[in-house]
Every structure is written in C-alpha cells, then in structure tokens.
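Note that this is a predicted model, so its numbers are computed, not measured.
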Amino acid sequence: MDHKKEIVKIMRGLGHQHDLYRVFSDSMEMIALSISNRVDREQCEAREAQYLNVAKRYTREELTQIAHIYSHLVTAFEISTSDYLGEIFMDLEISNSDRGQFFTPYSLSVVMAQTQIDDELAEMIAERGYITVNDPAVGAGCTILAFADVMRRHGHNFQQQCHATATDVDIKAVHMAYIQMSLIGLPAIVIHGNTLTLKEYGRWYTPFHVLGGWGMKLRRKARARESEVALDGLANTPREAMPEGQIELFA
C-alpha cells in the first residue's frame with residue numbers, strides 16, 4: 001500500500017466539504033497536539049482545549065478520516081524515513097495558497113546530510129555521547145530527517161546519540177516537523193519562532209526528548225559551556241563559535 005497516496009486521497013475527500021488548505025493545516029495541528037499531549041504535561045490543558053477548538057469544525061466521520069491519516073503516517077515511517085508531509089503538501093498542489101512555499105526534495109537533503117557524516121562525527125559521539133544539530137528554518141523537517149536517516153545508515157543510533165533543535169516562523173511547518181521527528185523517534189525541540197528576531201511563540205517537545213531526559217542533559221551541557229566561557233575570561237562568544245558537538249543545518 002502506498003500510504004502517501006492514501007493520505008492524499010483522504011485529504012482530497014475531506015476537501016469536498018472544506019477548503020483543502022484548511023484540511024491539511026487542521027490535520028497537522030490535531031495530530032501534533034495529540035502527540036504533544038501524551039508527554040508534555042505542562043502544556044496539556046491549553047493544547048487539549050486547542051485540539052477541541054479545531055476538531056469542532058469536523059463531523060465525527062471526518063475526524064475518523066483524520067485519524068486514518070495519522071495511522072498511515074505511522075505505518076509509512078515504520079517502513080522508511082522520508083519527508084512524507086512535505087511531499088504530500090506539494091502533491092496536494094496547495095503551495096500557492098501559502099505564498100509560494102516549497103519543500104526541499106528528500107533525496108537532496110540526504111546528499112547534503114552525507115557530507116556531515118564522517119570520522120569526526122564518530123569521534124564527537126564517542127567523546128561526548130551525543131551530538132546536537134540545529135536547523136533555523138526547518139520547514140517540514142526534511143534536512144533533519146535526512147541527517148538522522150544517514151546517521152542510521154552509518155551505524156549510529158540517532159535516537160540516543162543525536163538531539164535536534166529546529167525553528168520555523170510558520171506554525172504549519174512547526175506542526176509538520178514536530179510530527180515527523182516524533183514518528184522517527186528523534187529527541188528534538190521544535191520552536192515556533194523567528195530565528196532572525198529571536199522572538200519565540202511556543203515550543204514542542206518530541207516524545208523521545210521528554211522520555212529520554214534530554215532537558216536535563218542539555219541543561220548540564222549549557223552549564224558546562226558557561227563554565228568554560230567564564231574560565232576563559234570571555235565576555236562574549238563569537239557567532240561562529242558553535243557549541244562543541246553541534247552541527248548547524250540549513251534547508
């Protein structure tokens with residue numbers, strides 16, 4: 001079964017009664033909220049209210065179809081990793097409704113990721129136990145998905161040896177990236193915010209981030225880094241001085 005085609009078929013069916021762009025956006029939001037509410041207890045109440053607010057636009061039968069979309073996504077990721085949601089968005093031909101937004105082809109992102117996987121990366125993992133990656137304009141998460149996929153192909157366990165921080169100003173993209181990173185089991189924080197102005201509107205923690213205790217790990221790393229800076233007598237850290245073990249990715 002081609003699960004991507006099945007999702008497109010379901011969404012087009014729902015588009016007979018609703019605006020297709022709205023169907024896609026609402027489906028992404030409800031799925032993201034459902035995942036978040038399983039692990040993020042602090043934000044659960046507000047996000048559950050938001051879920052119900054979105055869900056009331058649809059009938060019970062239509063909500064069942066959206067649940068089937070989620071089921072197809074889960075199964076697709078069990079088979080292989082790809083930027084399914086970015087591809088679905090493009091297949092639905094609704095990109096013009098979103099000011100010409102397009103998503104990087106997954107195959108290109110894999111090629112880009114392969115340039116980052118080398119002996120130095122293996123040494124960083126061996127020395128520190130894990131690496132961190134950052135994408136300041138994540139889109140649907142294609143670049144980070146590809147990086148995790150290539151890590152796996154080279155024998156690294158990205159679920160334990162990699163943590164991602166991703167940002168996007170578009171909440172729809174945040175939902176897409178959050179869903180896909182959650183479904184591959186990647187520890188990650190997906191930030192709804194503007195990388196240029198540093199304004200932040202919300203944070204989404206993947207299940208593996210929460211269950212793996214990554215909040216504490218990252219805080220320990222930040223404190224260690226601050227101590228190093230203080231010992232070195234540095235008043236300001238240059239922009240080019242990335243935290244050790246961090247790789248910056250661009251879509």
Side-chain angles (χ1 to χ4, degrees), residues 1-77 82-103 138-142 166-184 188-194 199-207 210:
M1 178 182 291
D2 188 326
H3 296 283
K4 189 178 75 170
K5 286 185 177 179
E6 290 299 314
I7 292 172
V8 170
K9 181 179 178 181
I10 293 171
M11 287 193 172
R12 289 197 183 280
L14 292 171
H16 293 155
Q17 299 298 323
H18 305 273
D19 174 75
L20 186 55
Y21 182 83
R22 167 72 79 173
V23 167
F24 183 88
S25 298
D26 286 349
S27 298
M28 296 303 98
E29 184 170 11
M30 284 190 284
I31 293 171
L33 289 166
S34 295
I35 296 172
S36 174
N37 285 345
R38 294 178 182 178
V39 294
D40 191 344
R41 307 317 302 172
E42 290 186 8
Q43 301 189 83
C44 183
E45 184 175 350
R47 288 184 171 171
E48 179 64 18
Q50 177 61 14
Y51 177 92
L52 294 174
N53 186 53
V54 176
K56 68 183 182 182
R57 301 172 186 152
Y58 300 91
T59 66
R60 183 179 297 274
E61 292 74 17
E62 290 170 337
L63 291 173
T64 298
Q65 291 301 305
I66 293 174
H68 288 162
I69 291 172
Y70 184 26
S71 178
H72 280 297
L73 273 176
V74 170
T75 305
F77 276 108
S82 188
D83 180 17
Y84 294 109
L85 293 179
E87 294 167 3
I88 289 167
F89 181 81
M90 300 305 296
D91 288 348
L92 289 170
E93 299 178 333
I94 54 177
S95 58
N96 288 338
S97 300
D98 195 32
R99 296 167 293 182
Q101 184 174 17
F102 297 91
F103 294 95
V138 71
C142 186
T167 305
D168 207 284
V169 71
D170 178 6
I171 187 60
K172 172 180 49 53
V174 168
H175 292 150
M176 294 164 70
Y178 176 74
I179 291 167
Q180 298 198 116
M181 291 182 202
S182 294
L183 293 184
I184 68 169
I189 303 171
V190 185
I191 300 171
H192 179 210
N194 189 316
K199 189 169 184 178
E200 185 176 313
Y201 309 106
R203 290 192 168 210
W204 297 72
Y205 303 98
T206 65
V210 177

Practice prompt. Answer yes or no: is there a donor N or O on one side and an acceptor on the other, between the side chain of His192 and the main chain of Asp170, under 3.5 Å?
Written response: no

Worksheet item: Would a distance-only check, ignoring hydrogens and angles, find a side-chain to backbone donor-acceptor pair under 3.5 Å from Ser71 to Ala67?
Response: no

Discussion item. Under the rule for side chain to side chain contact (heavy atoms under 4.5 Å, CB included), what residues qualify as partners of Lys199, not counting sequence neighbours?
Written reply: Thr197, Tyr201

Worksheet item: Got a sec, which residues hit side chain to side chain contact (heavy atoms under 4.5 Å, CB included) with Thr59, two or more places apart in sequence or on another chain?
Response: Glu61, Glu62

Just verifying a value: how many Å separate [X] [atom1] and [Y] [atom2], rounded to the nearest 0.5 Å?
X: Leu20; Y: Ile94; atom1: CG; atom2: CD1; answer: 5.0 Å
X: Leu14; Y: Ile69; atom1: CG; atom2: CD1; answer: 6.0 Å
X: Asp168; Y: Ile191; atom1: CG; atom2: CD1; answer: 11.0 Å
X: Leu183; Y: Ile31; atom1: CG; atom2: CD1; answer: 8.5 Å
X: Met30; Y: Ile66; atom1: CE; atom2: CD1; answer: 3.0 Å

Worksheet entry | Sequence neighbours excluded - salt bridge (charged side-chain N to carboxylate O under 4.0 Å, His left out) pairs with any residue from residues 3-16 | Lys4-Glu87, Lys4-Asp91

Discussion item. Taking ring pair (Phe, Tyr, Trp, His ring centres under 6.0 Å) as the cut-off, I'd like each qualifying pair that reaches into residues 30-50, sequence neighbours left out, listed once.
Written reply: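 Pairs touching residues 30-50 that pass the test: none.
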
Practice prompt. Can you tell me which residue pairs pass the ring pair (Phe, Tyr, Trp, His ring centres under 6.0 Å) test with a partner in residues 45-76, sequence neighbours excluded?
Written response: His3-His72, His18-Tyr58

For residues 174-182, tabulate all N or O donor-acceptor pairs below 3.5 Å that involve a side-chain atom, not counting sequence neighbours.
residue : atom : partner : partner atom : Å
His175  : ND1  : Ile171  : O            : 3.4
Tyr178  : OH   : Ser36   : N            : 3.4
Tyr178  : OH   : Tyr205  : O            : 2.9
Gln180  : OE1  : Tyr84   : N            : 3.0
Gln180  : OE1  : Leu85   : N            : 3.0
Gln180  : NE2  : Asp83   : OD1          : 2.8
Gln180  : NE2  : Ala140  : O            : 2.8
Ser182  : OG   : Tyr178  : O            : 2.8

Fill in: Residues in side chain to side chain donor-acceptor pair (under 3.5 Å) contact with Asn53, at least two apart in sequence or another chain
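For Asn53 the side chain to side chain donor-acceptor pair (under 3.5 Å) partners, ignoring immediate neighbours, are Lys56.
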
Worksheet item: With sequence neighbours excluded, what pairs up with Gln43 under the side chain to side chain donor-acceptor pair (under 3.5 Å) test?
Response: Asp40, Arg47

With [X], which residues qualify under salt bridge (Lys or Arg N to Asp or Glu O under 4.0 Å), at least two apart?
X: Asp19; value: none
X: Arg22; value: Asp26
X: Glu200; value: Arg203

Worksheet item: Which pair of heavy atoms, one from Thr167 and one from Gly193, lies closest together, and at what distance?
Response: CG2-O, 3.5 Å

